[in-house]
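Contents: one structure, followed by commentary.
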Amino acid sequence: MENFALLFHGFQVVFTLQNIGACLLGAFLGLIVGAMPGIGSLAGVALLLPLTYKFNPTTAIVLLGALYYSNMYGGAFSAILLNIPGDSPAVMTALDGYPMATVKKRPGQALFTANLASCIGGTIGMIILAFLGPALADAGLHFGPAEMTILLLVAMTSIGWLVGSNPTNGVVLTLLGILVASIGMDLQSGSPRFNFGNVYLLGGVKFIPFVIGTVGFAQVMKLMDEKDDKAKESGITERLTIRGSLLSLHDVKRILPPAIRSGILGTFVGVLPGAGATTGAFLGYAVQRAFKNEEPLGTGAMQGIAACEAANNAAAAGAFAPLLALGIPGSGTGAVLLGGLMMWGLNPGPLLFQNEPDFAWGLIASLFIANIFALMIALGVIPMLLKILAVPVKVLIPIITVVCIVGSYSDTYSFYGVIIMLISGVCGYLFEKSGYSTAPMLLSFVLAPLLEDNMRKAFVISGGSTSKVFFNSAISTVLTIVFCVLILTPVIRAILKKTGILKGKKTK
Amino acid sequence: MKKFAAIVLAALVAVALFANGTTEEASSGFTPEKDVSWVCTSKPGGGSDIFTTQIKDAMKANGITNANIVTDYITDGSGEVGRLQVSTTNKAKADYTLLTFNSGDLMPMVKNTDNRVENFRPLAIMAVDKQLLFIGEQSKYSSWQEVMDALKNGQKIVIAGSKGDDIETYNKLIAELGVAESQLSYIANDATSGAITSLLGGHVDLCMSKPAAASQYVEAGKMKPVLALSNNRFSSELLKDAPTLSEFGYNNVEVPVWRGVTAPKAMSDSAYAYWAECLKKASETAEFKAYLSKNGLEPMYLFGAEAEAYMLDYQKTYLASIGK
């Protein structure tokens with residue numbers, strides 16, 4: 001009840017013309033920044049931060065919080081319409097979003113699904129944040145390197161069903177993803193790895209240009225390859241209105257359960273140290289796999305879009321719990337916001353809620369408002385965005401190429417990103433052309449460094465003992481059991497089917 | 001009309017030149033006439049960026065220079081690309097290029113590349129930070145004495161810290177204590193916040209941190225300093241109870257974490273004198289002093305040749321410690 005009163009007070013703080021204006025501006029800029037591949041919330045917040053130095057801290061955080069939050073909405077746009085995930089959490093959105101927009105010719109509904117799920121997931125995340133924030137942050141602390149290692153192993157199992165019909169090809173690309181991710185500096189020893197004397201490679205291969213190339217630029221090459229444009233364009237134009245994009249009651253009923261589930265799951269993942277929205281989206285999608293889906297995931301399933309979009313928005317909200325309650329940033333963007341708090345003269349840390357209630361609760365209240373603003377703006381621009389799909393391929397190709405180049409350049413403001421994008425684009429195209437799906441490579445590229453870092457820390461702490469990592473605490477024991485069940489179930493099922501104990505079709 | 005425009009233009013140019021001549025305070029025969037690029041090799045919002053912005057603001061607010069200074073973030077190759085670029089900047093641009101350069105930049109640079117302090121013209125060292133070891137609420141030990149007793153009994157202890165300077169401090173600590181890496185182990189995090197998270201969660205026994213990152217947690221009673229990795233005890237109220245290593249019969253371990261500014265090797269003498277003077281004046285401003293106290297940094301003012309000698313000596317000691 002006390003939290004309710006404090007949240008109400010937070011709304012009172014935010015309801016000034018200045019703060020509402022900042023929130024609206026933040027939501028608007030966040031959508032733009034999110035929709036532009038390569039810029040993302042980290043760069044968006046970092047670029048805007050210097051402008052807020054002279055602001056009052058509450059207005060400044062309302063602006064940046066709204067920007068960070070609504071950025072998660074924008075990330076889905078380019079993923080669904082152009083198959084270019086602008087930010088790492090949107091990789092999973094593209095898996096179903098793009099097929100739904102192009103193959104199923106329901107682009108409007110795909111965007112609507114993404115935005116509605118984002119709103120539901122985000123609202124759940126904020127409610128949990130408002131009422132359980134500090135407790136949740138404390139719970140997150142129980143996830144040490146050992147627990148994170150097993151959680152990431154669980155997330156890695158989702159690669160298993162991303163490999164598609166050809167598991168060997170999938171494994172090859174998964175390993176390639178891990179290999180590429182290991183280029184750069186070894187964090188534990190500070191020694192260079194696989195940089196071949198190149199000073200640029202010391203910093204590793206950056207994710208944004210890598211993903212823009214592998215997915216986006218490969219797409220451009222594929223479009224150039226396809227001589228016949230007609231197949232893509234026909235049938236879409238008649239649905240390019242807001243009315244044609246609305247979801248039916250049946251659709252809403254379908255997306256509600258995954259959105260609510262992912263909303264709760266995503267919030268908890270967002271709280272974990274260093275996990276962030278990307279792991280949230282991956283796990284949300286992985287969990288959705290376990291539930292019944294009307295259409296198979298990966299072929300343009302609404303539930304797939306809803307599951308990962310709700311999870312990543314919820315995780316973005318959840319990430320504020322350790323930031324506000326303990327002063328611990330859950331992501332790169334969180335770290336920049338933390339830098340901002342210090343610039344504005346506040347001391348982030350365990351005393352922030354006590355010392356600066358206006359600020360902390362004002363921020364939480366502003367997230368609720370930003371959520372509504374972002375949804376309204378996003379729904380308003382859908383008809384305009386849909387026009388992208390009506391653009392003829394010959395015009396679209398140069399546009400996407402420019403988007404790819406600008407996006408990969410703006411990640412580090414250098415041509416290194418552009419070169420990475422071009423190389424990974426050519427490789428991605430060749431892989432897809434030869435029947436290798438690149439999704440497992442992207443997944444392993446994102447998760448492997450996190451897994452490596454946590455696993456090595458866990459082994460240093462345990463003194464090399466495996467049992468102290470996998471059975472370190474109740475949390476790690478439970479996660480280890482979940483992990484074993486996940487990897488052993490298909491094997492046992494196959495054996496049982498082979499021996500005739502379990503009836504059904506024999507697996508391969 | 002044309003005549004009138006020409007007169008107005010000439011008047012404007014004259015006023016601009018006059019203004020330039022009167023407010024320029026640092027005198028060395030060099031006056032910046034172009035935009036200045038101040039290279040920062042870490043991301044916006046980080047410690048280096050805040051340091052850079054504070055100096056820029058202090059210079060602007062106090063009219064120390066009229067130059068338009070633009071921060072350029074060159075973060076490729078973990079910052080090595082930016083450092084290499086500045087070290088090789090040619091004559092035409094050298095007078096208009098500055099680089100924020102810290103001990104945490106020097107270490108990976110000399111360890112992983114052939115770039116050396118000799119390839120720059122160090123301008124200033126303006127602040128220094130030192131570390132402490134902290135215990136958390138859930139730690140098994142309550143003082144450094146207990147930690148040492150546990151080490152003597154052969155127990156394993158884990159310290160969490162950040163990368164760069166913290167790893168160097170840890171290496172010096174185990175060398176001084178004469179314990180094996182496997183007994184007093186270290187896990188490196190991308191940032192100190194990661195180390196604090198591990199300590200608060202009870203996953204490690206000790207955490208290495210600088211005062212600024214830890215003070216809120218000490219105030220809230222979640223962390224307690226047990227050892228000052230410095231030649232003297234810290235003076236602040238929160239940290240003064242932490243003993244130094246010499247109080248336990250060992251030599252003190254201190255690796256000063258400094259923040260400084262360098263210029264390209266090709267910078268002219270007059271520009272070098274000008275910028276060293278500007279930085280010196282900036283260090284004397286109230287804005288800069290407020291920045292130091294807010295971030296728990298200690299003043300350490302070395303300019304020009306003094307800064308160069310210090311950085312070279314630091315590099316020599318570090319290279320010897322890693323056997324290079």
Side-chain angles (χ1 to χ4, degrees), chain A residues 42-43 45-47 49-50 53 138 140-147 184-185 187-192 195 198-204 206 273-274 322 326-329 332 335-340 342-343 345 347-352 354 412-414 416-417 453 456-457 460-461 463-464, chain B residues 43-47 49-50 53-54 57 71-81 83-84 107-108 111-113 115 138 156 158 160 163-164 167 181-183 185-191 193-194 196-205 212-217 219-222 294-295:
Chain A
L42 179 60
V45 171
L47 288 173
L49 188 65
Y53 287 160
D138 275 335
L141 287 180
H142 291 296
F143 279 75
E147 289 78 10
M185 200 92 79
L187 179 63
Q188 289 303 314
S189 68
S191 309
N195 73 320
N198 184 309
V199 71
Y200 282 90
L201 287 179
L202 264 182
K206 300 275 182 229
L326 300 167
I328 294 167
V336 176
L337 285 176
L338 197 69
M342 290 192 247
M343 284 306 283
N347 287 321
L351 300 177
L352 189 74
Q354 279 122 293
T412 55
Y413 303 104
S414 74
Y416 170 62
D453 188 33
R456 287 178 63 186
K457 282 181 193 163
V460 170
I461 293 172
Chain B
K43 287 212 154 92
D49 179 37
I50 295 176
T53 310
Q54 291 292 341
D57 286 355
T71 311
D72 286 321
Y73 303 95
I74 308 179
T75 58
D76 280 332
S78 291
E80 298 306 344
V81 172
R83 292 189 270 278
L84 189 65
M107 289 181 193
K111 186 180 173 193
N112 300 323
T113 73
N115 210 357
Q138 304 187 32
K156 182 182 167 63
V158 182
K163 47 191 186 179
I167 298 180
E181 214 174 296
S182 55
Q183 204 196 345
S185 307
Y186 186 82
I187 54 172
N189 293 274
D190 223 5
S193 61
I196 292 178
T197 313
S198 299
L199 183 74
L200 296 181
H203 306 290
V204 295
D205 304 296
S215 59
Q216 269 277 307
Y217 300 92
E219 211 175 303
K222 291 195 176 284
K294 200 162 88 182
N295 288 280

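A, B, ... follow the sequence lines: proteins, then strands. Residue 1 opens every chain.
When the shell of 6.0 Å around CD of B:Gln138 is examined, it contains more than 12 heavy atoms from other residues, nucleotides or ligands.
One distance of note links OH of A:Tyr200 with CG of B:Leu84; it measures 8.5 Å at 0.5 Å rounding. Remark: B:Thr75 OG1 to A:Tyr413 OH distance equals 9.5 Å, nearest 0.5 Å.
Across all their heavy atoms, A:Ser191 and B:Lys111 have their closest contact at OG-NZ, 4.0 Å. Taking both residues in full, the closest heavy atoms of B:Ala188 and A:Asp453 are given as O-OD1, 4.5 Å, listed atom of the first, atom of the second, then distance. Closest approach of A:Met185 and B:Asn112 over heavy atoms only: SD-ND2, 3.2 Å. Smallest separation of non-hydrogen atoms from A:Val460 and B:Tyr186: CG1-O, 4.0 Å.
Counting only distance, with no hydrogens or angles, the side chain of B:His203 and the backbone of A:Leu141 share a donor-acceptor pair below 3.5 Å.
The contact between B:Leu200 and chain A is made by backbone and side chain atoms together, counting heavy-atom distances below 4.5 Å. Of the atoms belonging to B:Val81, heavy atoms from both backbone and side chain fall under 4.5 Å from chain A. Contact of B:Gln54 with chain A is made through the side chain alone, with heavy-atom distances under 4.5 Å. Looking at B:Ser215, there are no atoms closer than 4.5 Å to chain A (heavy atoms on both sides), in backbone or side chain. Within the 4.5 angstrom heavy-atom criterion, only side-chain atoms of B:Thr113, from C-beta onward, approach chain A.
Most heavy-atom pairs under 4.5 Å with chain A: of the set B:Pro108, B:Ala191, B:Gly202, B:Ala220, this distinction falls to B:Ala220.
Screening B:Asn189, B:Ile187, B:Asp190 for a side chain to side chain contact (heavy atoms under 4.5 Å, CB included) with A:Leu187, the sole residue that qualifies is B:Asp190.
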